[in-house]
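Working notes, structure below.
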Amino acid sequence: VRVPLVGRISIKSARVEKNLLRSVYPLVVGDPYDAVRHAEGVVRIKELLDDLGYRTATVIERVEYDDQERLATIFFDVDAGVRMRLATID
């Protein structure tokens, strides 16, 4: 069984730069698709958003397979929500 290759990664995000989100995702176009690495990447994206103050962010992801071409297309829809900041500590 041949593993599909990552053919495309699509990130929809209004508040956070797509390149920043891509930088923490371990798969790139041309890599063999790996569900474990994909899941790790989703966790990394959520952690990055949390580190940036987007504590209520949601990341919806899906993977579509083209069996004929043996390609996987990865979609992310990122809703960062409201950025939270720590005001003061007394």
* Between E61 and F75, is any pair of side-chain heavy atoms under 4.5 Å apart? -> no
* **Within-4.5 Å side-chain heavy-atom neighbours: M84 and T56** => yes
* Check the hydrophobic clustering (I, L, V, M, F, W, Y; side-chain heavy atoms under 4.5 Å; chains of links allowed) and say if L71 and I11 are grouped together. => no
* salt bridge (charged side-chain N to carboxylate O under 4.0 Å, His left out) partners for D50, two or more places apart -> R55
* Asked: Do F76 and L21 come within less than 4.5 Å of each other through their side chains, counting heavy atoms only?
  -> no
* **Separation of I60 CD1 from D79 CG (nearest 0.5 Å)** => 8.0 Å
* When clusters are formed by joining ILVMFWY residues with side-chain heavy atoms under 4.5 Å apart, either directly or through shared neighbours, do V63 and L27 land in the same one? -> yes
* Asked: Hey, what do you get for OG1 (T73) to CZ (R62), rounding to the nearest 0.5 Å?
  -> 9.0 Å
* Asked: According to a 4.5 Å side-chain heavy-atom criterion applied to Ile, Leu, Val, Met, Phe, Trp and Tyr, with indirect links allowed, do L5 and Y25 form part of one hydrophobic cluster?
  -> no
* Transitive ILVMFWY side-chain link V59 to I9, under 4.5 Å -> yes
* **Flag, side chain of R37 to backbone of P26, donor-acceptor distance under 3.5 Å** => yes
* Asked: Are side-chain heavy atoms of L48 and L20 found at a separation under 4.5 Å?
  -> yes
* Should I74 and Y65 be counted in the same cluster of Ile, Leu, Val, Met, Phe, Trp and Tyr side chains packed under 4.5 Å apart? -> yes
